[in-house]
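Whatever order the structure lists them in is the order used to number ligands and atoms, beginning at 1.
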Amino acid sequence: MDQALVDLRTRLSCVVDAETAPVSDALDRVLATDITAPRAHPPLPNTAVDGYGFLNGRGEGDHHIPLVAQHMPAGATPDTSVPAGTAIRILTGAALPPGVDTVILQEDVEVKDNAIHFTGPIKQGANTRKAGEDVKVGDAIAQAGRKLTPADLALLSAVGVSEVTARRPLRVGILSTGDELVQPGADAGPGQIYDANRPMLMGLISRLGHEAVDLGHVRDDRDVLRTRLDHAAGQVDVIFTSGGASAGDADHVSALLNEAGAMALWRIAIKPGRPLALGMWQGKPVFGLPGNPVAAMVCTLVFGAPALAMLAGADWSGPQGFMVPAAFSKTKKAGRREFLRARIRGGRVEVFASEGSGRISGLSWAEGLVELPDEAMTVASGDLVRFIPWSGFGA
Ligand code: AMP
Ligand code: MG
């Protein structure tokens with residue numbers, strides 16, 4: 001599995017152009033350029049609390065400072081200076097006017113006879129924020145390859161960035177294959193099953209931040225599949241198929257990719273998952289996922305998510321998991337990575353009762369996967385195992 005990931009990482013690169021996008025529309029977009037701050041945050045020294053501002057700290061003991069008539073609300077221009085020995089009413093976020101470098105909390109003073117009365121000490125600079133203490137002009141605040149988060153949009157906006165140069169969203173086509181499949185809403189004959197992979201994969205691709213394009217379903221017919229792939233190659237940046245990816249008679253996806261001459265059938269040592277057919281169709285990468293829904297989902301999360309990130313111009317990022325005590329016990333053999341459908345309850349990670357790769361109910365039950373290493377392993381209840389929530393895959 002690690003070798004497969006290294007191969008993907010080294011062979012794939014960005015396939016989408018850059019364009020200008022307003023920050024308000026840039027959530028989940030991938031930056032095409034580094035961004036430096038055009039303005040400091042905060043732009044001027046300001047107060048972190050509602051209170052009274054004056055110059056310098058005060059020592060132990062009782063103090064009283066007469067108030068000036070003006071107020072400083074947030075947003076006001078700090079253009080009138082506060083004479084030495086006086087204080088000004090000032091509200092959270094307001095810039096400190098000249099003559100103020102210290103603010104006392106309103107709760108800590110008594111206002112009487114147009115003066116504030118309080119007991120020291122208070123340090124010079126108390127309750128104030130320095131200009132640029134968060135971000136200085138010219139600071140690097142976001143790098144090319146970063147997928148923008150809601151917090152990034154706050155940071156960009158705070159320093160006055162309203163537009164970014166971002167990659168256009170990656171268009172990912174989703175195609176189901178198989179004679180046995182019928183579409184939800186249609187009547188299913190005996191022996192037929194409903195297409196479960198396509199809505200799942202459409203959802204996963206959207207969650208990963210890409211544009212999912214529904215390419216429908218094709219029967220196990222090589223010519224029909226060929227025509228559909230030809231059409232799809234002109235429509236999307238990358239194609240995900242499910243089913244027909246092994247080396248059997250009805251496995252037309254792998255047969256066609258082979259015919260096109262740019263195909264690697266990977267028998268990856270993971271459970272569930274193998275095989276994964278990777279190829280190029282008219283210059284577009286094709287991921288031939290296994291038909292089993294559990295395997296299709298695991299392969300999409302483990303291999304598809306980082307591969308799509310590369311194609312979308314984003315940084316490679318492995319899944320973010322963490323160690324959690326097991327609420328189960330299990331013995332596994334050496335020689336393959338195993339992923340178990342799992343969820344956390346009461347601070348321990350439990351796994352689905354069946355490991356069958358056809359069990360869609362277990363996927364729906366789960367909230368992530370437990371990853372067990374390639375080596376042989378015995379897990380006892382309470383042992384730490386690696387849990388990766390769906391969000392740890394970016395989905
Ligand atoms: P295949 O990879 O085509 O050999 O399919 C493996 C298994 O996955 C078979 O049991 C298929 O019926 C099932 N399968 C394939 N495609 C889908 C799909 N879109 N939805 C649900 N099950 C599927
Ligand atoms: Mg099939």
Side-chain angles (χ1 to χ4, degrees), residues 1 4 172-208 212-229 232 236 238-260 263-279 281 285-304 336 338-339 341 352 354-366 369 395:
M1 186 182 117
V172 184
I174 310 293
L175 179 66
S176 293
T177 73
D179 282 343
E180 73 277 35
L181 300 181
V182 285
Q183 297 315 307
D187 288 333
Q192 292 190 300
I193 60 167
Y194 286 110
D195 181 354
N197 286 345
R198 197 141 48 93
M200 173 181 76
L201 294 172
M202 292 288 294
L204 277 174
I205 296 306
S206 309
R207 283 274 174 96
L208 291 170
V213 178
D214 192 343
L215 299 176
H217 157 245
V218 287
R219 297 177 54 94
D220 287 319
D221 177 314
R222 203 163 295 188
D223 293 327
V224 176
L225 179 60
R226 184 184 287 113
T227 309
R228 191 70 68 95
L229 289 176
V236 298
V238 47
I239 302 167
F240 272 48
T241 64
S242 70
S246 315
D249 295 344
D251 291 320
H252 300 297
V253 173
S254 45
L256 279 178
L257 291 175
N258 233 344
E259 198 180 288
M263 146 91 172
L265 180 65
W266 286 359
R267 300 196 64 82
I268 302 164
I270 78 168
K271 181 192 171 187
R274 57 183 201 148
L276 184 62
L278 291 156
W281 192 264
V286 181
F287 275 75
L289 300 167
N292 281 308
V294 177
M297 180 155 169
V298 168
C299 279
T300 300
L301 293 173
V302 173
F303 302 108
R336 68 178 180 197
E338 288 193 20
F339 290 95
R341 281 149 279 178
F352 191 59
S354 162
E355 292 184 16
S357 68
R359 300 287 189 105
I360 300 174
S361 62
L363 277 181
S364 172
W365 172 93
L369 300 172

Shortest protein heavy-atom distance from [atom], along with the residue and atom involved:
atom: atom 23 (C) of ligand 1; answer: Gly291 O, 3.4 Å
atom: atom 4 (O) of ligand 1; answer: Asp251 OD1, 4.3 Å
atom: atom 7 (C) of ligand 1; answer: Asn292 OD1, 3.4 Å
atom: atom 17 (C) of ligand 1; answer: Asn197 ND2, 3.3 Å
atom: atom 22 (N) of ligand 1; answer: Ile193 CD1, 3.5 Å
atom: atom 20 (N) of ligand 1; answer: Ala196 N, 3.0 Å

Are side-chain heavy atoms of [X] and [Y] found at a separation under 4.5 Å?
X: Leu181; Y: Ile193; answer: yes
X: Val182; Y: Tyr194; answer: yes
X: Leu278; Y: Val286; answer: no
X: Leu215; Y: Arg198; answer: no

_Reported OG1-to-CG distance for the pair Thr300 and Leu204, which is rounded to 0.5 angstrom_ = 6.0 Å
*What are the atoms of ligand 1, with element, lying closer than 4.0 Å to any heavy atom of Glu180?*
11 (C), 12 (O), 15 (C)
*Using a strict cut-off of 4.0 Å, indicate which atoms of ligand 1 neighbour a heavy atom of Tyr194.*
20 (N), 21 (C)
*Pick, from Ser176, Gly244, Pro199, Ala245, the option with the minimum heavy-atom distance to atom 3 (O) of ligand 1.*
Gly244
*When Trp281 is tested against each of Val253, Val238, Leu229, Thr241 for side chain to side chain contact (heavy atoms under 4.5 Å, CB included), which residue passes?*
Leu229
_Can you give me the closest heavy-atom contact between Ser176 and Asp195, atom names plus distance?_
OG-OD2, 2.8 Å
*Quick one: does Asp195 get an N or O within less than 3.5 Å of an N or O on ligand 1?*
yes
